[in-house]
Amino acid sequence: MTAQPQEWIRNFVDGAFVDPDPNRAFAAVDPATGATFAQVHEADRGLVDRAVAAARAALAAGWAERPVRERADLLRRAADRIEERFDEFVAAEIADTGKPITQARELDIARAPANFRTFADVVSAAGQESFLTEMGGGRRALNYAVRKPLGVVAVIVPWNLPLLLLTWKVAPALACGNAVVVKPSEDTPSTATLLAEVLAEVGFPRGVYNVVHGFGAGSAGAFLTEDPHIDGVTFTGSSATGSHVMKTVAPRVRPVSFELGGKNAAVVFDDVCLDEAIDGLSRSIFTNTGQVCLCTERVYVQRAVFGDIVAGLVERAGRLRLGRPTDTATTTGPLISQKHRQKVQAYLELAEAEGAEVHTGGGIPAMGADLDGGSWIEPTLWTGLTNRDRVLREEIFGPVAALIPFDTEAEAIALANDTDYGLAAAVWTNDLRRGHRVAQAMNVGMSWVNTWFLRDLRSPFGGVGLSGIGREGGESSLHFYTEPTNVCVQL
Ligand code: NAD
């Protein structure tokens with residue numbers, strides 16, 4: 001048998017793919033099987049510098065001065081082209097993540113054109129602030145703000161929803177006239193690379209979108225954030241890395257937007273429609289194998305329905321189908337990597353050491369055949385833990401949740417807010433007034449009532465505390481990706 005030539009995932013700089021260096025390569029691994037399917041060219045500092053310089057040159061060549069309508073038009077063409085190449089994006093995302101094909105189609109890849117179209121619309125409709133200043137004696141001045149792009153924006157994203165999270169940042173950044181250097185996660189290099197082809201095909205000028213591959217410390221992530229020529233960083237990832245990136249850019253006082261980790265709560269009242277709540281909770285715990293920053297890991301349930309909710313969730317967990325990602329019957333994929341599985345597994349052990357009763361899951365499933373090489377984990381539900389346990393305090397990022405009973409609304413709010421994180425919460429109740437009241441009392445960036453992860457891309461997204469700094473989405477994105485200059489004209 002002759003060895004197949006290894007496929008390369010390449011860096012994209014200044015409008016062209018860079019020839020790979022076999023001495024700077026790492027493996028792209030399919031987490032469903034553990035098999036290597038390509039080599040990724042790890043960018044060195046020189047290549048990252050070149051990418052930043054190419055972005056700077058694209059700005060100098062007039063990208064930011066293009067009329068908004070032209071940039072919006074390019075964004076819409078990108079959306080159309082992603083849809084034309086939809087199956088390629090789906091296949092690339094599945095290869096990197098092992099996520100089920102139905103989810104990749106309906107959530108991950110579908111959101112990419114939606115992001116481009118939304119920000120084409122948002123930037124087209126955006127106005128400018130202006131104030132007529134009256135100073136008395138008939139003297140007046142006109143104040144208005146002109147919004148200018150930040151310049152070269154470093155975009156660093158994680159592996160859980162790779163294209164969705166990438167385009168969530170790239171679309172508004174480009175809409176506002178910035179040029180970007182993107183560093184996708186080392187675990188999911190494929191769709192960012194495919195997007196480079198698409199943006200070139202639809203006519204984005206060279207240097208406006210660049211991709212550099214690699215890891216964080218001592219690699220492309222660090223080289224990018226250390227580069228003195230970047231004008232801002234938009235980062236999605238863990239709180240610890242966010243804090244590190246903040247320190248790195250602090251000496252040059254560059255703006256940052258941070259979408260970080262979560263330890264999200266759901267609060268379930270006893271007046272709820274049980275079936276609806278159990279379906280919603282199950283989705284919020286198990287979607288993407290629990291690897292969504294918004295996923296629920298803490299479920300507080302009013303005592304009268306505690307037993308029903310536990311039993312209902314165990315039953316829903318039993319309906320999940322772990323399996324081959326390309327099978328449309330599969331609902332649940334593997335974790336992203338063996339490394340991440342080790343982390344989640346350590347929490348499964350810790351939960352038991354902390355006194356958890358395991359109602360379902362708790363271990364590694366036998367998958368059979370080549371899938372046994374993958375990083376699979378069992379969906380797991382616990383009771384018997386308290387907010388003092390580490391399992392309730394630290395983000396696990398797997399298909400796991402702890403259920404805790406409560407008696408009063410005040411107690412539920414206190415329990416849900418007893419965390420260093422503050423990303424999202426979900427409140428389940430049939431009492432309209434209570435729904436508003438409790439949702440507003442949650443110390444988070446996003447609070448849902450009787451639903452979860454229902455997003456309008458025009459609304460603000462982000463977190464408080466360890467969950468981040470700033471908001472993106474709709475006009476909030478325009479605010480981050482531009483700097484206003486106020487002009488005051490005495491009339
Ligand atoms: P991570 O912080 O390990 O990595 C995120 C990205 O940062 C990767 O591209 C990584 O290579 C890069 N990176 C790592 N160290 C770096 C450094 N020193 N300098 C520059 N870049 C560096 O996170 P992850 O494990 O890839 O993703 C999971 C985390 O992301 C979870 O905590 C999850 O909650 C969070 N997340 C948050 C949101 C949100 O919107 N708030 C969305 C998705 C994921």
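Below, all heavy atoms of this structure are taken into account, side chains as well, without hydrogens, waters or symmetry copies. When a ligand or atom number is given, it counts from 1 through the structure's own listing order. Note that the structure is predicted; figures quoted are calculated from it, not measured.
- Applying the side chain to side chain contact (heavy atoms under 4.5 Å, CB included) test to Arg390 and every residue at least two apart in sequence or in another chain returns Tyr347, Leu350, Glu354, Glu394.
- Sorted pairs that involve residues 242-254 and meet side-chain hydrogen bond (donor to acceptor under 3.5 Å, both in side chains), not counting sequence neighbours, are lacking altogether.
- In this structure, Val153 and Ile230 have side chains that are not in contact, with every pair of non-hydrogen atoms separated by 4.5 Å or more.
- Under the 4.0 Å criterion applied to side-chain N and carboxylate O atoms, Glu186 and Lys183 are assigned as salt-bridge partners.
- Annotation: salt bridge (Lys or Arg N to Asp or Glu O under 4.0 Å) contacts of Arg117 (sequence neighbours excluded): Asp80, Glu83.
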Checklist entry - Checking side-chain hydrogen bond (donor to acceptor under 3.5 Å, both in side chains) for the pair Trp168/Glu259: CA distance, chi angles, key distance, verdict? => result CA-CA 11 Å; Trp168 173 244; Glu259 298 180 341; 3.3 Å; yes
Would you tabulate the polar-atom pairs, meaning N/O of ligand 1 against N/O of the protein, with distances under 3.5 Å, reported to 0.1 Å?
unit_1: ligand 1; atom_1: 2 (O); unit_2: Ser238; atom_2: N; d: 2.9
unit_1: ligand 1; atom_1: 2 (O); unit_2: Ser238; atom_2: OG; d: 2.8
unit_1: ligand 1; atom_1: 2 (O); unit_2: Thr241; atom_2: OG1; d: 2.7
unit_1: ligand 1; atom_1: 9 (O); unit_2: Val157; atom_2: O; d: 2.8
unit_1: ligand 1; atom_1: 9 (O); unit_2: Lys183; atom_2: NZ; d: 3.0
unit_1: ligand 1; atom_1: 11 (O); unit_2: Lys183; atom_2: NZ; d: 2.6
unit_1: ligand 1; atom_1: 11 (O); unit_2: Glu186; atom_2: OE1; d: 2.7
unit_1: ligand 1; atom_1: 23 (O); unit_2: Ser238; atom_2: N; d: 3.4
unit_1: ligand 1; atom_1: 25 (O); unit_2: Trp159; atom_2: NE1; d: 2.9
unit_1: ligand 1; atom_1: 26 (O); unit_2: Trp159; atom_2: NE1; d: 3.1
unit_1: ligand 1; atom_1: 30 (O); unit_2: Gly237; atom_2: O; d: 3.4
unit_1: ligand 1; atom_1: 32 (O); unit_2: Glu395; atom_2: OE1; d: 2.6
unit_1: ligand 1; atom_1: 34 (O); unit_2: Glu395; atom_2: OE2; d: 2.5
unit_1: ligand 1; atom_1: 41 (N); unit_2: Leu260; atom_2: N; d: 3.2
unit_1: ligand 1; atom_1: 41 (N); unit_2: Leu260; atom_2: O; d: 2.7

